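Have a look at the structure below, then the notes.
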2 protein chains.
Amino acid sequence: MTSLPVVNQPVHRSGALLDHLARRIRTRSEAVLAPLGLRPRHLIALTVLRARGGITQQALSTTLEMDGTNVVSLLNELEAEGLIERRRSPEDRRRHVVELTQAGVERLAKAEFVLAAVEDEVLAALDDNHREQLYHLLVQAVEGHGTICPPDDEPAT
Amino acid sequence: MTSLPVVNQPVHRSGALLDHLARRIRTRSEAVLAPLGLRPRHLIALTVLRARGGITQQALSTTLEMDGTNVVSLLNELEAEGLIERRRSPEDRRRHVVELTQAGVERLAKAEFVLAAVEDEVLAALDDNHREQLYHLLVQAVEGHGTICPPDDEPAT
DNA sequence: ATGAATCGTTTGTGTTGCACCAATGATTAG
DNA sequence: CTAATCATTGGTGCAACACAAACGATTCAT
């Protein structure tokens with residue numbers, strides 16, 4: 001205990017539970033996503049990209065807190081499926097600007113459709129209201145960190 | 001699309017965000033937990049065990065949704081550190097009943113202390129109120145699934 | 001214009017956290 | 001007594017990373 005910042009100590013830590021719950025969902029998600037040619041990591045990337053289109057690849061790397069080289073291969077997979085598009089930035093032609101394609105948007109929507117069953121199972125103890133509450137807290141947390149813009153309600157189908 | 005259960009389709013999916021956020025916390029947690037000889041997976045196990053003491057190893061396996069053999073090695077690590085104790089069940093001597101030791105309780109508390117800094121950073125966009133709200137939603141979700149008993153507020157330090 | 005830095009990329013290595021399989025000892029159940 | 005069950009060990013394999021090295025393309029500084 002040298003020079004602890006001794007931050008504000010809230011009553012509870014959410015980390016472990018968050019991790020635990022994420023794992024539950026992730027495991028099941030793998031199963032339902034597989035037929036769609038997606039894996040959980042893709043879902044995360046697509047979700048981020050839907051929220052923040054036209055993001056630079058580097059920024060994506062920062063947002064995902066993932067090594068640049070791994071982002072490359074992740075995007076390679078998505079691009080191979082035609083779900084994203086890499087364009088050279090006009091300002092700096094070294095950069096790649098990444099964006100969802102129409103196919104990407106649709107695939108993501110399809111994925112979320114089938115994922116409803118998963119969340120329905122794992123979040124069974126939460127009613128719709130609580131789930132929305134949870135969702136908004138997550139958005140807020142992730143966004144506040146400089147990551148996702150409020151996607152706000154999509155008109156959806 | 002043969003026979004879709006077509007479950008209730010809530011507005012938003014939380015899975016990806018949950019995964020994303022969990023990863024953020026997990027990554028940072030590794031760093032601050034390492035000096036304590038813990039890793040995120042240990043934290044999860046300890047957290048579950050604090051909530052549900054005297055649980056059978058098999059039940060733990062179910063709760064963690066983790067293969068039995070992996071739970072063994074996980075517990076081996078914790079036991080080697082003296083954080084948990086395996087006792088034979090009196091009813092069925094094949095079973096092991098797992099419980100936190102005093103050292104385990106303390107180590108977990110210490111871990112949560114240092115983790116406050118991590119969550120403070122990652123959840124910066126949430127005030128204390130929101131964090132509690134998040135925590136309770138997580139507990140509810142995890143618990144409702146037949147996992148964690150309401151730990152309800154510990155007096156804590 | 002030349003050299004240094006940056007962005008994305010490929011390749012390769014290593015680690016961790018799992019799943020899964022097989023085999024074993026201890027114990028319980030039929 | 002045999003069969004099933006629980007925990008355990010050991011092994012294989014995979015996915016998701018981190019990290020390092022080297023490269024082409026581009027930009028930036030001088």
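The structure presented is a predicted model; accordingly, all values stated were derived computationally and were not measured. Chain A is the first sequence line, chain B the second, and so forth, proteins listed ahead of strands; every chain is numbered from 1.
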Pick base, sugar-phosphate or nothing for A:Asp67, based on heavy-atom distances below 4.0 Å to the nucleic acid.
base

Side chain of B:Thr69 - closest among C:dT10, C:dC20, D:dA7
C:dC20

Separation of D:dA7 atom P from B:Leu78 atom CG, nearest Å, is 16 Å

Judged by nearest nucleotide, the residue sitting upstream toward the 5' end of DNA chain D, B:Arg94 or B:Thr27, is B:Arg94

Determine the contact category for B:Thr56: base if any of its heavy atoms lies under 4.0 Å from a base atom, sugar-phosphate if only primed atoms, P, OP1 or OP2 are that close, otherwise nothing.
sugar-phosphate

Taking only the side-chain nitrogens and oxygens of A:Arg86, find out if one of them lies under 4.0 Å from OP1 or OP2 of C:dT9.
yes

N or O in side chain of A:Asn70 less than 4.0 angstrom from D:dA18 OP1/OP2
yes

From the options B:Val71, B:Val48, B:Leu78, B:Leu75, select the one residue that forms a side-chain contact (heavy atoms from CB on, under 4.5 Å) with B:Val98.
B:Leu75

By the 4.0 Å heavy-atom rule, please label B:Arg26 as base, sugar-phosphate, or nothing.
nothing

Hey, is the side chain of B:Asn76 poking within less than 4.0 Å of OP1 or OP2 on D:dA7, counting only N and O atoms?
no

Counting C-beta onward and ignoring hydrogens, is there a side-chain heavy-atom pair between B:Thr47 and B:Ile44 closer than 4.5 Å?
no

Short side-chain N/O contact to C:dA19 OP1/OP2 from A:Arg23, under 4.0 Å:
yes

Under a plain distance cut-off of 3.5 Å, with no hydrogens placed, do A:Arg88 and A:His96 share a side-chain donor-acceptor pair?
yes

Tell me whether the side-chain N/O atoms of B:His96 come closer than 4.0 Å to OP1 or OP2 in C:dA26.
no

Scan A:Asp92 against the nucleic acid and name what it touches under 4.0 Å (heavy atoms): base, sugar-phosphate only, or nothing.
sugar-phosphate

Expected list for residues 31-41 of chain B near DNA chain C, using heavy atoms below 4.0 Å, is B:Arg39, B:Arg41

Would you tell me whether B:Gln140 and B:His136 have side-chain atoms, one donor and one acceptor, within less than 3.5 Å of each other?
no

